[in-house]
Amino acid sequence: MVTVADVRALARTLPRSTEHLIRDRVKFRVGSIVYVAFSRDETTMGFGYPKEERDALIAGEPDLFFLPPTSDLRFNWVCCHLDRLDHDHMTELVIEAWRMVVPKFVARQRLGA
């Protein structure tokens, strides 16, 4: 099971990433763009994900992933249940969400790709 502390440890290694507490919710941002956010009870995590790919992600693992609230469907965003997420999958999702919001040269410097 993944915790906020696990995500925090990873996010601290990502250039330009900052942590914020907004309305009692932990969020990670690059500048003003949120790329990961937790529910108030820290049982779910929302993260940046391409809109055109999210239906396939959810269909592939419907017990893990779900759509955000209707008001957030316009954003590149998907949510997941932390108690069903393993560490390796979390790492991949958080890094890809971060990669969506940083300049490409920053991602290349960090990831070497």
**Message:** Does L21 form a side chain to side chain contact (heavy atoms under 4.5 Å, CB included) with V26? I'd like the steps, not just the answer.
**Reply:** CA-CA 5 Å; L21 187 62; V26 175; 4.1 Å; yes
What's the separation between atom [atom1] in [X] and atom [atom2] in [Y], rounded to the nearest 0.5 Å?
X: D6; Y: L82; atom1: CG; atom2: CG; result: 9.0 Å
X: D41; Y: D24; atom1: CG; atom2: CG; result: 11.5 Å
X: H87; Y: T3; atom1: NE2; atom2: OG1; result: 8.0 Å
X: Y35; Y: F28; atom1: OH; atom2: CZ; result: 6.5 Å
X: T13; Y: W98; atom1: OG1; atom2: CH2; result: 8.5 Å
X: L111; Y: K104; atom1: CG; atom2: NZ; result: 13.5 Å

Using the rule that Ile, Leu, Val, Met, Phe, Trp and Tyr join whenever any side-chain heavy atoms are under 4.5 Å apart, tell me whether [X] and [Y] fall into a single cluster.
X: F105; Y: I33; value: yes
X: V36; Y: V106; value: yes
X: V94; Y: W77; value: no
X: M45; Y: F66; value: no

**Message:** Please evaluate residues T91 and D88 with respect to the criterion side-chain hydrogen bond (donor to acceptor under 3.5 Å, both in side chains), reporting the C-alpha separation (whole Å), side-chain torsions for both, the decisive distance (0.1 Å), and the verdict.
**Reply:** CA-CA 5 Å; T91 299; D88 290 340; 5.3 Å; no
**Prompt:** What class does the angle between the rings of F47 and F65 fall in, given that below 30° is parallel, 30 to 60° is tilted and above 60° is perpendicular?
**Reply:** perpendicular
**Prompt:** Looking only at heavy atoms, which two atoms of A97 and G48 are closest? And how far apart?
**Reply:** CB-O, 3.4 Å
**Request:** Search all heavy atoms of K27 against all heavy atoms of A37 and return the closest pair with its distance.
**Result:** CG-CB, 3.7 Å
Beyond-backbone contact of [X] with [Y], side-chain heavy atoms, under 4.5 angstrom:
X: V30; Y: L14; result: no
X: R29; Y: I22; result: yes
X: R110; Y: V102; result: no
X: M90; Y: C80; result: no
X: T43; Y: D83; result: no

**Message:** Under a 3.5 Å distance rule, please check whether R54 uses its side chain to pair with a backbone N or O of L73 as donor and acceptor.
**Reply:** yes
**Message:** So does R74 get a backbone contact from the side chain of K51, meaning a donor-acceptor N/O pair under 3.5 Å?
**Reply:** yes
**Prompt:** For L93 and V78, what are the C-alpha separation, side-chain angles and deciding distance, and is it a side chain to side chain contact (heavy atoms under 4.5 Å, CB included)?
**Reply:** CA-CA 10 Å; L93 295 171; V78 174; over 6 Å; no
